[in-house]
Amino acid sequence: MTESRGNNAAVVMDRYGKIDPKTLVEISKPYPKSFYERNTLNVAREILGSLLVREIDGEILAGFIVEGEAYIENEEGCHAYNGVTPRCEVMFGRGGMAYIYFVYGMYWCLNATTEKEGRAGAVLIRSVEPISGLDFMKRKRKKESPIELCSGPGKLTVSFALDNRLNGWDLSKQPFRILEPPRDIKPELKIKKTGRIGLKKAKHLEYRFCIDNSPYISHS
DNA sequence: ATGTAGATTGTCT
DNA sequence: GACAATCTACATT
């Protein structure tokens with residue numbers, strides 16, 4: 001299957017026409033806390049198409065969030081299910097912060113916290129369509145294909161050079177932010193809802209959202 | 001071309 | 001001891 005990238009409607013960047021990725025980052029702005037401090041499922045759905053942006057070593061790393069999963073304190077798959085622990089503490093704080101945890105002895109996973117202070121929730125950022133800083137990401141990932149850079153929660157943290165030093169970071173603040181592109185140029189995105197990936201618990205819940213047909217989402 | 005086994009380790013019960 | 005994502009190597013189509 002040879003895909004003509006330029007005409008692939010599933011690729012978010014192409015839907016913006018001729019705008020340059022760095023210009024798009026410049027004219028986008030952080031969400032207010034009120035965007036995050038509400039029902040986690042709504043945040044998980046609506047955060048798709050947002051920009052994940054990190055400035056590091058004079059480079060701008062950026063990409064569209066194309067896949068996310070909701071985690072809520074009243075459900076077994078959530079780290080906060082059994083209450084506060086040192087690891088999941090930031091999930092109980094304000095919405096709009098980075099919750100970054102370690103998995104499998106090798107990888108970090110990035111979440112954006114949701115719900116008001118005192119109630120734990122988060123959206124696991126599972127995949128990103130990279131649009132800027134691809135060379136930096138290729139070096140970090142030791143992979144050439146853009147598809148392989150951020151198509152999974154462990155992959156994207158390698159590409160964006162994220163680890164626990166950014167746990168608790170306010171995602172509206174430079175140099176690590178989630179931005180909303182201007183409404184008037186943001187394309188309508190077809191969103192698909194499915195079960196979550198990689199969990200043993202609470203598998204039946206359809207808490208995973210992704211941009212339909214995006215080649216940048218994680219597989220199986 | 002597709003499938004799967006094995007390795008890797010901190011966090012929480 | 002259960003739990004998590006990804007890569008590699010090897011086995012089977």
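All values below come from the heavy atoms of this structure, side chains included, with hydrogens, waters and symmetry mates left out. Predicted, not measured: the structure shown is a model, and the values here were computed from it.
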With DNA chain C as reference, determine whether A:Lys201 or A:Lys143 sits nearer its 5' end, using the nearest nucleotide of each.
A:Lys201

Report yes or no: is the cationic atom of A:Arg196 (NZ for Lys, CZ for Arg) under 6.0 Å from the centre of the six-membered ring of A:Tyr71, at an angle within 45° of the ring normal?
yes

Is the closest basic N to carboxylate O distance between A:Arg139 and A:Glu59 below 4.0 Å?
yes

Would you call A:Arg141-A:Glu144 a salt bridge at under 4.0 Å N-O?
no

Hey, where on DNA chain B does chain A first and last touch, going 5' to 3'? Cut-off is any atom under 4.0 Å from a heavy atom.
B:dT8 to B:dT13

Among all residues two or more places apart in sequence or in another chain, which pass the side chain to side chain donor-acceptor pair (under 3.5 Å) test with A:Ser132?
none

Quick one: [X] [atom1] to [N] [atom2], roughly how many Å, whole number?
X	N	atom1	atom2	value
A:Lys203	C:dC3	NZ	P	11 Å
A:Ile217	C:dA5	CD1	P	15 Å
A:Lys155	C:dT8	NZ	P	11 Å
A:Lys140	C:dC7	NZ	P	16 Å
A:Lys200	C:dG1	NZ	P	15 Å
A:Leu124	C:dA4	CG	P	12 Å

Counting only non-hydrogen atoms, which of residues 64-72 of chain A are less than 4.0 Å from DNA chain B?
none

Five-pair end axes of the helix from B:dA1-C:dT12 to B:dC12-C:dG1, angle between them (10°)
30°

Can you name the side chain to side chain contact (heavy atoms under 4.5 Å, CB included) partners of [X], sequence neighbours left out?
X	result
A:Arg165	A:Asp163
A:Asn74	A:Ile72, A:Arg119
A:Glu37	A:Lys33, A:Arg94, A:Lys116

Would you classify A:Lys142 as touching base, sugar-phosphate or nothing, given that sugar-phosphate means primed atoms plus P, OP1 and OP2, and contacts are heavy atoms under 4.0 Å?
nothing

P atoms of C:dT13 and B:dA5, separation to the nearest Å
13 Å

Mind listing the side-chain donor-acceptor pairs of residues 200-211 of chain A below 3.5 Å, one per line with the distance, residues two or more places apart or on another chain?
from, atom 1, to, atom 2, distance (Å)
A:Arg208, NE, A:Glu67, OE2, 2.7
A:Arg208, NH1, A:Thr194, OG1, 2.9
A:Arg208, NH2, A:Glu67, OE2, 3.1

Residues from residues 130-139 of chain A lying under 4.0 Å of DNA chain C - heavy atoms
none

For DNA chain C, which residues in residues 97-115 of chain A have a heavy atom at a distance below 4.0 Å?
A:Tyr104, A:Tyr107

Contacts under 3.5 angstrom, residues 21-29 of chain A side chains, donor-acceptor by atom type, not counting sequence neighbours:
from, atom 1, to, atom 2, distance (Å)
A:Thr23, OG1, A:Asp20, OD2, 3.1
A:Ser28, OG, A:Leu24, O, 2.6

Taking the side chain as every heavy atom from C-beta outward, state whether [X] and [Y] have any pair of such atoms under 4.5 Å apart.
X	Y	answer
A:Phe64	A:Tyr16	yes
A:Tyr36	A:Thr113	no
A:His79	A:Tyr101	yes
A:Phe176	A:Leu166	yes

Begin with the C-alpha distance, continue with both residues' side-chain angles, and end with the deciding distance and a verdict on side chain to side chain contact (heavy atoms under 4.5 Å, CB included) for A:Ile191 and A:Asp212.
CA-CA 5 Å; A:Ile191 290 168; A:Asp212 198 25; over 6 Å; no

Between side-chain atoms of residues 41-58 of chain A and protein atoms elsewhere (two or more places apart, or another chain), which donor-acceptor pairs fall under 3.5 Å?
from, atom 1, to, atom 2, distance (Å)
A:Glu46, OE1, A:Arg38, NH1, 3.4
A:Glu46, OE1, A:Arg38, NH2, 2.8
A:Ser50, OG, A:Tyr31, OH, 2.5
A:Ser50, OG, A:Ile47, O, 2.7
A:Arg54, NE, A:Phe160, O, 3.0
A:Arg54, NH2, A:Ala161, O, 2.8
A:Glu55, OE2, A:Arg177, NH2, 3.4

How close do A:Ile178 and A:Ala112 get, heavy atom to heavy atom, and via which atoms?
CD1-CB, 4.2 Å

May I ask you to evaluate whether A:Arg141 reaches the phosphate of C:dT6, defined as a side-chain N or O under 4.0 Å from OP1 or OP2?
no

